[in-house]
Number of protein chains: 2
Amino acid sequence: MSDITIVDIAKQAGVSIKTVSRVINREEGVGPATRARVEDLIEKLGYRPNVSARSLSSRRSYLIGVVFMRVGAYHYVGEVQVGAMRACRRAGYHMVIEQVDDPGQARGPGLEQALKAGRFDGLVLPPPVCDDPEILAIIEAQGLSYVRVAPDRDFGRSPYVFMDDQQAAHDMTARLWDLGHRRIGFIDGPADHGSARRRREGYMTAMAERGVRVKPEWIAGGDFMPLSGLEAGDRLLGLPEPPTAIFAANDSMAMGVLSAASKRGLSVPADLSVVGFDDGPLAESSWPGLTTVHQPIAEMAEAAAEMLIEGFGDPRFRSRTAARQLDYHIVERGSSTSR
Amino acid sequence: MSDITIVDIAKQAGVSIKTVSRVINREEGVGPATRARVEDLIEKLGYRPNVSARSLSSRRSYLIGVVFMRVGAYHYVGEVQVGAMRACRRAGYHMVIEQVDDPGQARGPGLEQALKAGRFDGLVLPPPVCDDPEILAIIEAQGLSYVRVAPDRDFGRSPYVFMDDQQAAHDMTARLWDLGHRRIGFIDGPADHGSARRRREGYMTAMAERGVRVKPEWIAGGDFMPLSGLEAGDRLLGLPEPPTAIFAANDSMAMGVLSAASKRGLSVPADLSVVGFDDGPLAESSWPGLTTVHQPIAEMAEAAAEMLIEGFGDPRFRSRTAARQLDYHIVERGSSTSR
DNA sequence: CCACGATACGACAACGTTGTCTATGACGTT
DNA sequence: AACGTCATAGACAACGTTGTCGTATCGTGG
């Protein structure tokens, strides 16, 4: 157990604890020589400030919370955690995770108590939590600052981090076009899903720019689940003039399309190119590997945590609505090829 | 923000803060009437003890850490977190996660500092962290108590939670037998992997019990990755007398077997039964769904966190080596059928 | 050489709890 | 009536840090 305290450092350095405190917190008012001496001692003794004492005194907890829902795959949440953790480590913060929909845990009171007791300095809110009005209300009622990751709506309500779904879908469509595809099908996500809408917009725009009138039957409805991808793919491939490439609004549905193709004896990518969106775990492990848009999830979460941590120095931050945009990129795997 | 403190409660209740403290911590020495009055007040004012003050004074942090490596899929880690979180919530603890292998974070110093600063009451260690001697050494050097989840070796080194891999594999094999399969192939995991070894043992024992001499060529080597499953499956299916059922030591490899079967034009489960082990996300989303052994990962982590929390009341716990066994069950999906 | 403003540092009181020790009654026993 | 015993409760000092304010010490300009 680390039993050395600020007092020990102070004694050995022959200074007051306040001076050590100043060094730790990079405050000014310490001479270079003294600072160096104290820093060496801290290093040598492996001293770490006691978080509890610190936060008791400073009213900061050095804790960043990540609030998430257990929904579908863990991949997204995992990436978020990894990213947020990077930022936290860098800044000497810790990361606490709070889950809001475990069966039996009323999301309201459960979350509220956890937040109260946790004394978080700030929260990172990935989807879908970042778009849940009920949860946002609870958080705001506590006066906590938070940054949303890839929110669906309510832009301007709070600081957030995002990527340009529409532009990404546009690029992907353009890439298929450049590969020689002309009949490009699209599998849509849920109607109320902002990202899905933006992805469809991107597809539509790219097609329009190239002078193509997208036939209504080229767009098949889906719900982001694999089964819906299979059904939608089946419908598209059953058309009199089936598309030569299918762009699914997420990877799961693209996987469904792969199944649909295989059911019809079509081989991918020879007979059909299939591309997705997300670059989740499926994309890499499927065979053939899925060409897809890589979402910088970890990076977005990292940026979010960073914004929070930076913001604590500046209280005005809370009321500002900052936004930070991060870059996607397209990952070329085996599921798409030129026609 | 919750600005009410123990002093407010004490004043309004007309008692000393110590008495309120006693009520909060369920200590004895408080009359029923007083206790009720204080409890009501706490409820009414929505008072939550300040964690920092509490842990500063009591030298307990009310923080459980989950240390994990970013390895392969997030599913396992996700389940662990969900389970541990359940236990933490119940007991009023918070859960902090620490990652040990993010690029650029030296696992040694990085973890050590995080642990020192974090002041965890205890750690939950899922695989593969629970079998990493280097990491265990660091943790033990800090004098932290920890419970391992499904460790591979070093039983007795610390308390742990586990399930009986061997028995599960035995059961699964028996089930295939009961479905009429006689030539049952097995795809092994990495040689140095304890669970893999136990699973193979289970398979062997079940076969032996039924008087079958397992031919060496029925067992194909694998490394838990999908590709190795594909190759191993290909080898098994290429035998003069191919197995009618293949039991892969994990789901990923079972997925590979599905691909191998499809490459050969065999349909699952009509021509070949395929079963896996883990019940990860792949098992449900594959087509056909994979019959597999469900590992109670979340439950194991929950039990681990519980053991830690219970143990804090009893310091002797640290030196004891407790173990808790949890039940698996077999999930029947579409990939296996009777012959 | 003095006054003066910086600069560098220290003393001391918070912060909100828990741990330890002590005080007060009520009650039963001799 | 005097005395222990028990249940209940409070006073007070930690815990390890930061915030506030005060005070030496130093360099500088007049």
Side-chain angles (χ1 to χ4, degrees), chain A residues 1-39 41-42 45-63 92-94 116-119 121 312-313 315, chain B residues 1-39 42 45-63 92 94 116-119 121 312-313 315:
Chain A
M1 281 291 206
S2 175
D3 281 317
I4 41 175
T5 74
I6 200 172
V7 179
D8 301 313
I9 304 289
K11 268 202 195 117
Q12 295 213 32
V15 297
S16 76
I17 57 168
K18 183 64 224 194
T19 299
V20 178
S21 171
R22 273 191 265 261
V23 171
I24 296 166
N25 296 292
R26 290 175 173 66
E27 291 170 28
E28 48 184 16
V30 183
T34 315
R35 184 178 296 269
R37 190 154 34 99
V38 171
E39 272 169 352
L41 226 37
I42 289 177
L45 301 186
Y47 163 73
R48 294 279 118 192
N50 179 315
V51 182
S52 305
R54 230 180 175 189
S55 64
L56 178 58
S57 183
S58 68
R59 306 180 139 271
R60 284 173 60 177
S61 66
Y62 297 88
L63 250 36
Y93 279 66
H94 285 265
K116 258 190 193 165
R119 301 269 144 100
D121 283 347
F312 299 141
Chain B
M1 282 292 203
S2 174
D3 281 317
I4 42 177
T5 73
I6 200 171
V7 179
D8 302 313
I9 304 289
K11 268 201 194 113
Q12 295 213 32
V15 297
S16 76
I17 57 168
K18 182 66 224 194
T19 299
V20 178
S21 171
R22 276 191 263 262
V23 171
I24 296 167
N25 296 293
R26 291 173 171 66
E27 292 170 27
E28 47 184 16
V30 183
T34 316
R35 184 177 296 268
R37 188 152 38 96
V38 172
E39 272 169 352
I42 289 177
L45 302 185
Y47 163 75
R48 294 279 118 193
N50 179 315
V51 182
S52 304
R54 233 183 170 187
S55 62
L56 179 58
S57 183
S58 67
R59 305 182 138 271
R60 285 174 59 177
S61 65
Y62 298 88
L63 250 36
H94 285 265
K116 263 190 190 165
R119 301 269 142 99
D121 283 347
F312 300 143

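Treat the numbers as computed from the prediction; the structure is a model and nothing was measured.
The CD1-C1' distance, from A:I24 to D:dT17, rounds to 8 Å in whole Å. The interatomic distance linking B:I17 (CD1) with D:dA14 (P) rounds to 15 Å, in whole Å. The OH atom of B:Y62 sits 17 Å away from the P atom of C:dG16 (whole-angstrom rounding). One atom, CD of B:E28, and another, P of D:dC6, lie 13 Å apart when rounded to the nearest Å. As a whole-Å value, the separation of B:I6 CD1 from D:dA9 C1' is 14 Å. Nucleotide C:dA8 holds its C1' atom 19 Å from the CZ atom of A:R26, rounded to whole Å. If you take CD of B:E27 and C1' of C:dG19, they are 9 Å apart, rounded to a whole angstrom.
Residue A:N25 places at least one side-chain N or O closer than 4.0 Å to OP1 or OP2 of D:dT18. An OP1 or OP2 oxygen of C:dT17 is reached within less than 4.0 angstrom by a side-chain nitrogen or oxygen of B:Y47. Distances shorter than 4.0 Å separate none of the side-chain N or O atoms of A:R54 from OP1 or OP2 on D:dG16. Within the structure, every side-chain polar atom (N or O) of A:S52 is placed at least 4.0 Å from both OP1 and OP2 of D:dG16. In this model, the phosphate group of C:dC9 is approached by a side-chain N or O of A:T34 to a distance below 4.0 Å at OP1 or OP2. Within the 4.0 Å cut-off from OP1 or OP2 of D:dT17, not a single side-chain nitrogen or oxygen of A:S21 is found.
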Going through the distances and angles, do B:I42 and B:I24 end up as a side-chain contact (heavy atoms from CB on, under 4.5 Å)? CA-CA 9 Å; B:I42 289 177; B:I24 296 167; 4.1 Å; yes
Verdict with supporting geometry, A:Y47 and A:D8, side-chain contact (heavy atoms from CB on, under 4.5 Å): CA-CA 9 Å; A:Y47 163 73; A:D8 301 313; over 6 Å; no
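To the nearest 0.5 Å, atom CD1 of residue B:I9 and atom OG1 of residue B:T19 are 13.0 Å apart. Once rounded to the nearest 0.5 Å, the distance linking CD of A:E27 with OG of A:S21 reads 5.5 Å.
Of the candidates D:dT18, C:dA11, C:dG16, the closest approach to any side-chain atom of A:R59 belongs to C:dG16. Listed nucleotides C:dT17, D:dT20, C:dA14 differ in distance to B:P49; the shortest reach to its side chain belongs to C:dT17. In this structure, the nucleotide among D:dT20, D:dT17, C:dT18 sitting nearest to the side chain of B:K18 is C:dT18. Set against C:dG16, D:dA9, D:dG16, the side chain of A:N50 has D:dG16 as its closest nucleotide. The side chain of A:V15 sits closest to C:dG10 out of D:dG10, D:dT18, C:dG10. Looking at the side chain of B:S16, the nearest of the listed nucleotides D:dT17, C:dT17, D:dA11 is D:dA11. The listed nucleotides are C:dC9, D:dG16, C:dT18; the one nearest the side chain of A:V30 is C:dC9.
At a cut-off of 3.5 angstrom, counting only N and O atoms as typed in the model, there is no donor on one side facing an acceptor on the other between the side-chain of B:S58 and the base of C:dT18. Side-chain N/O atoms of B:R22 and base N/O atoms of C:dG19 include no donor-acceptor pair closer than 3.5 Å.
For the pair B:L56 and B:R35, both in contact range of DNA chain D, the more 5′-proximal nearest nucleotide belongs to B:R35.
The two residues A:S55 and A:S61 make their nearest non-hydrogen contact at CB-CA, 3.5 Å.
With hydrogens and angles disregarded, no donor-acceptor distance shorter than 3.5 Å links the side chain of B:S57 to the backbone of B:R54.
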